[in-house]
There are 2 protein chains.
Amino acid sequence: MKREKLRAVIIGFGNVGRKMAMMLTEEAGQYPGLDGLDLQPVAIFTGRHGGVASAGGIDLMKALKQYREKGSFPEAPMAVLQALETMDYDVLVELSTLDIKKRGEPAISHVRAALRRGKHAVTANKGPAAFAYRELSDLARRRKVRFLFESAVMDGAPVFSLGRTLKGVRVTGFSGIFNTTTNYVLSRLEAGESMAEAVRTAQRLGFAESDPSLDLDGWDAAAKTAILANVFLDAGIDPLQVERRGIRELTPEAAARAATAGKRFKLVCRAWREDGRVRAEVRPQEVGAGHCFAAVNGRAAALRLEFDMLGPLWIMEEDPDLMDTAAGVLQDLLVITTDD
Amino acid sequence: MKREKLRAVIIGFGNVGRKMAMMLTEEAGQYPGLDGLDLQPVAIFTGRHGGVASAGGIDLMKALKQYREKGSFPEAPMAVLQALETMDYDVLVELSTLDIKKRGEPAISHVRAALRRGKHAVTANKGPAAFAYRELSDLARRRKVRFLFESAVMDGAPVFSLGRTLKGVRVTGFSGIFNTTTNYVLSRLEAGESMAEAVRTAQRLGFAESDPSLDLDGWDAAAKTAILANVFLDAGIDPLQVERRGIRELTPEAAARAATAGKRFKLVCRAWREDGRVRAEVRPQEVGAGHCFAAVNGRAAALRLEFDMLGPLWIMEEDPDLMDTAAGVLQDLLVITTDD
C-alpha cells in the first residue's frame, strides 16, 4: 500500500492525542489498516504543557516518549496561530476540548486558519461543527479541502462517514443518546447512588469532564445534537439554540420509581423539522424496557436516524474508550489520504 | 443535479421491482434524492409472467401500468441470457429471489454475463454474493465495473456501503439477527401461537418465503451470513459451509420458559476467525432482556460488527418493508451514477 506522508500541526496532546500517537507508532503492528498513513507532525501544541515545532518534521515516537518522561514539552517556540499561518503542513489535527463558554473558541479560529490556507482540518473538538459548521464547511468546499470531525460525536463510530456515503436517501430527523457521562450517572442512580457519588465515580474512571456541568446540564449532548442537526438537517444552529434540560433534578428515588414501572431515564437528544425550520432538544426521558434506548448501557451511545425512503436505522457503539476516539481521528486522516 | 441515464436490464418484476419502479415514477416527487437517477430499462424479465425488451428503451411508468392491468407481460421476446449478452445496456438489475437448491443460479449466471461484458450488476438476490462472491467481485474489479448487492442483507440499511467507507478499520467478526420471518415467528411463539400458526401469519402478512424451509431451517440467514463473511472477513464460503440450525424444534413452551427466565429466543448468526480460517454459524440462542438483540422485535434486523481498532458497533433496522429493499437497490444504482 502506498504510504502518503501527511504533514500535520497537532493541537492537543492529551489522552486522545497520545493514544493516536501510540496507535501510529508503538502499536502500529496491531492495525494493518493504518499502514497507508504516514503522519508527520511539524508542530505539536498542548494547552498548558508547552509545545514543539520543527519545519523538518517531528519524530512522533520520540515526541511521545519525551512527553511521557517529562509530563510536558518545553515552552512552545511560537504561538498556535502563527504556526497555522506560517508553517508548511497538509492538515490541522485539532484535539483540544470544547469550551462552551467561549462558544467553541479557540478551536474554531484554528480550523478557520488552516482551511483559509487550503489545509485540511480534522478535529475531535465539538466546537467548530457545533458553532460554525456552515462557515467552515463552505470554506472547506471553496478551498477544495476537507473539514472532518468524525470523533466529535460517538467517538469512532462512522456516523458522518455513513452520512457521506448514503446515496439518494435524505435524513428527516434523528434521536439518540450521546453523552456517556450522564448515561453512566443515570445507571448509577438506578443502582441507588446519589448524583454526587455517581459523578465522582465517572470522573475517577476518566470519562466525565472536569467541569461536570458540561455533562450534567446537557451541554455536551446539546453540542453533539447541534452538530448532527447541522450536518444531516442543514439546521445552521449552535448548542445555545438546542432546547436543553440536564439531569441534575433527577434523584435515585425517581430512577427507582421509573424502574418499578419497567422504565429507565435516559438523556435523549432529538432534532426534527417543524414549520419549515429545524428544532432540536436535549432532555431526560423515561424509555420502556423493550425500547432500544433502554439497552444503551454504561458508556454506550446510540443514534436513531429517520429517512425519507428508508425505515429508521440505529447505530450504536457498545463500549467506546480512548481508542475509539483516536480511531475516529485516524479514519478522518485516512479519508484525506485515500479520497483525494 | 445532473441526471445520468442508466440503461438497465431488469430481471424480476415482483414486489421489489414494482416498488422500485413506483419510486422512480409515480412517487418520484417524494424522494428528491432520486432526482439524479434516470433509469431506462431496455428489457424487463419476470420468472413466470413474461417480459418486454426494446433496444430503444422502455417507458418504466407504462410498463408498470401494463403489468398491473394484465398481471403479466406478453411472452418475453428473447431469453434472459440472450438479452444480457447482446443488448446495449449499462447495468443489470437482478431482483429474482434466491434458489438455494440451485446454489444461487440462475442469478449468478446473469450477473456473470453482465460483468463479463463490462456492465455493472446490482442485485437484491442473495445468491451471487453468497455462492460466488470471490469470482464475481474479482471479475467486476478486472472489468472496472460495480458488483453491488446492498439489499441482499438488511434491505436498504447501508451495511456494505458502510463497509466501503470504513477507513483503516478492519472487521474481525460479526453477529446479528437477519431473518425477519423467524424473528417474527419467534415473537408469535412467545405469544403462545404454534409454529404452524405463526408461519401462516407471516405468509399472510407477505414477508415469509412461500417455501418456509428457507426461513425456518435457517437457509436465508445462512445465505446472509455467508455474504457478510465473504465481504467483511474475506471468507470465501457459501451458505452450505455455514453451521446451521433452524428454529423448527422450538415450541411455544420453550419460548415461555425462556421468557420466565427473562430471556428471548433469537436466530443468531455469527462469524469469526479461528485457527486461520473463518467459521460461521446460524442457530437459535437465548438472549438476555438487557441485550440489544432482545430489542430486535418483529421485522427488525440487527448487525453487530467487531473491529480491530474500534469497539463493537451495532446497526439496526427498525421496521423495514418493501420500500427499504427497493431503496437498497436504488442506493446501489446511485453509487454507479455518482462514483464513476
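Values below: all heavy atoms of this structure, side chains included; hydrogens, waters and symmetry mates excluded. Naming: A, B, ... by sequence-line order, numbering from 1 per chain.
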* Against chain B, work out which of A/T325, A/D308, A/I315, A/L166 has the most heavy-atom pairs shorter than 4.5 Å and name it. => A/D308
* Heavy-atom pair count under 4.5 Å with chain B, highest-scoring of A/M309, A/Q331, A/M323, A/M23 -> A/M309
* Structure fact -> Residue from B/G328, B/G311, B/A302, B/P312 scoring the most non-hydrogen pairs under 4.5 Å with chain A is B/P312
Is chain B contacted by the side chain of [X], its backbone, both, or neither, given a heavy-atom distance below 4.5 Å?
X: A/E317; result: both
X: A/P320; result: neither
X: A/M154; result: neither
X: A/D321; result: neither

Lys/Arg-Asp/Glu bridge criterion (N-O < 4.0 Å) met for [X], [Y]:
X: A/E318; Y: B/R304; answer: yes
X: B/E286; Y: B/K266; answer: no
X: A/K263; Y: A/E190; answer: no

* Asked: Does a donor on one side chain and an acceptor on the other come within less than 3.5 Å for A/T165 and B/S161?
  -> yes
* Can you find a side-chain donor-acceptor pair between A/T182 and A/N179 that sits under 3.5 Å? -> yes
* Mutual orientation of the aromatic rings belonging to B/F160 and B/F232 [parallel < 30°, tilted 30-60°, perpendicular > 60°] -> parallel
* **Interchain contact, B/D155 with chain A, by part (heavy-atom threshold 4.5 Å)** => neither
* Please flag which part of B/Q30 lies under 4.5 Å from any non-hydrogen atom of chain A: side chain, backbone, both or neither. => backbone
* So do the side chains of A/R299 and A/N183 get within less than 4.5 Å of each other, counting heavy atoms only? -> no
